[in-house]
Amino acid sequence: MTQTLRPADLGVAELEQKPLSPPSAEPLSGEILVRSAVAFANDTRTIVSSIWESDPGTSRWEFLTRGEIVHILAGRMVVTQDGGAPVELTAGSVAYYPIGWTGVWEVIEPVRKFYVVYR
């Protein structure tokens, strides 16, 4: 069966809200509210896709046991891999974080993304 989703059409009320916290990421600029809704997960949860929103703030991410592919739907953020140069992501950007990626995300304007995590 083919499943479809229109992430841009989901309302905030359809997303679960909580503060960003480990093990997902470590907030560096105080509490950061995020909202999400799982769109798909296989039986073993080795592949999970979701819609995710974040309020502005800075956080540290470590993809030590998983990788992630993101498509930014709205907003603006800057990601800086440890030892790398900052990269700005805006609506329409796609980014790939391979297993082992570590660095900092700075959400400048509220971000909504669709992502796929793989293990």
Side-chain angles (χ1 to χ4, degrees):
M1 169 197 274
T2 301
Q3 297 181 19
T4 62
L5 174 70
R6 295 190 50 83
D9 293 344
L10 286 179
V12 172
E14 298 171 85
L15 305 175
E16 176 188 358
Q17 180 171 294
K18 61 184 177 184
L20 182 66
S21 62
S24 294
E26 182 68 36
L28 301 176
S29 61
E31 185 175 87
I32 302 169
L33 289 179
V34 296
R35 293 158 294 283
S36 64
V38 172
F40 170 81
N42 68 350
D43 292 339
T44 58
R45 294 192 64 86
T46 55
I47 299 174
V48 177
S49 65
S50 180
I51 291 78
W52 184 85
E53 292 184 344
S54 177
D55 288 348
T58 303
S59 53
R60 176 156 185 78
W61 292 77
E62 296 184 346
F63 292 97
L64 303 179
T65 61
R66 69 190 195 282
E68 183 173 330
I69 301 165
V70 305
H71 179 204
I72 304 297
L73 302 169
R76 183 167 65 102
M77 64 189 285
V78 175
V79 297
T80 306
Q81 184 172 4
D82 291 345
V87 176
E88 184 177 68
L89 303 176
T90 58
S93 297
V94 172
Y96 169 64
Y97 304 96
I99 296 171
W101 190 97
T102 59
V104 173
W105 291 9
E106 181 182 6
V107 175
I108 308 296
E109 298 169 4
V111 164
R112 178 178 275 211
K113 69 177 183 174
F114 175 80
Y115 71 85
V116 175
V117 167
Y118 60 90
R119 298 182 193 278

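Heavy-atom basis, side chains included; hydrogens, waters and symmetry copies ignored.
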Quiz item: Is there side-chain contact between Ser54 and Leu20, with at least one heavy-atom pair below 4.5 Å?
Solution: no
Quiz prompt | Connected via hydrophobic side-chain network under 4.5 Å: Val117 and Val111 | solution = yes
Quiz item: Are any non-hydrogen side-chain atoms of Leu89 and Val94 less than 4.5 angstrom apart?
Solution: no
Quiz item: Within a strict 4.5 Å, meaning less than it, do heavy atoms of the Leu15 and Arg112 side chains meet?
Solution: yes
Quiz item: Hey, any chance Val87 and Met77 share a hydrophobic cluster, counting ILVMFWY side chains that come within less than 4.5 Å of each other, even indirectly?
Solution: yes
Exercise. Taking Ser36 for its side chain and Trp52 for its backbone only, find out whether a donor-acceptor pair lies under 3.5 Å.
Key: no
Quiz item: Does the side chain of Leu33 reach to within under 4.5 Å of the side chain of Gln17, using non-hydrogen atoms?
Solution: yes
Practice problem: Would you mind listing every salt bridge (charged side-chain N to carboxylate O under 4.0 Å, His left out) that reaches into residues 11-21, with sequence neighbours excluded? | Solution: none
Name every donor-acceptor pair, under 3.5 Å, that has one atom in a side chain of residues 38-48 and the other anywhere in the protein, sequence neighbours excluded.
unit_1 : atom_1 : unit_2 : atom_2 : d
Asn42  : OD1    : Arg45  : N      : 2.8
Asn42  : OD1    : Thr46  : N      : 2.9
Asn42  : OD1    : Ile47  : N      : 3.2
Asn42  : ND2    : Thr46  : OG1    : 2.9
Thr44  : OG1    : Thr46  : OG1    : 3.2

Quiz item: Pro27 and Ser21: which non-hydrogen atoms are nearest, and at how many Å?
Solution: CD-CA, 4.4 Å
Quiz item: Are Phe63 and Ile99 close enough that some pair of their side-chain heavy atoms sits under 4.5 Å apart?
Solution: no
Practice problem: Determine whether Pro110 and Pro56 make a side-chain contact, defined as any pair of heavy atoms from C-beta on separated by less than 4.5 Å. | Solution: yes
Self-check item: Main-chain N/O of Ala37 paired with Ser50 side-chain donor or acceptor, under 3.5 Å
Solution: yes
Quiz item: Heavy atoms, side chains only, cut-off 4.5 Å: are Tyr115 and Ser49 in contact?
Solution: no
Quiz item: With sequence neighbours left out, which residue pairs that include part of residues 81-98 fulfil the salt bridge (charged side-chain N to carboxylate O under 4.0 Å, His left out) condition?
Solution: Arg60-Asp82, Arg76-Glu88
Exercise. Just say parallel, tilted or perpendicular for the rings of Tyr97 and Trp101, cut-offs at 30° and 60°.
Key: perpendicular
Quiz item: CD/Glu68 to OH/Tyr118 distance, rounded to the nearest 0.5 angstrom?
Solution: 9.0 Å
Practice problem: Could you grab the distance from atom CD1 of Ile108 to atom OG1 of Thr90, nearest 0.5 Å is fine? | Solution: 12.0 Å
Self-check item: Between CZ on residue Phe114 and CG on residue Leu73, distance to nearest 0.5 Å
Solution: 8.5 Å
Quiz item: Can you tell me how far OG of Ser24 sits from CD1 of Ile32, rounded to the nearest 0.5 angstrom?
Solution: 11.5 Å
Quiz item: Linking I/L/V/M/F/W/Y whenever their side-chain heavy atoms sit closer than 4.5 Å, directly or via other members, would Ile72 and Ile51 fall into one cluster?
Solution: no
Exercise. Find the distance between CD (Glu53) and NZ (Lys113) and round it off to the nearest 0.5 Å.
Key: 11.5 Å
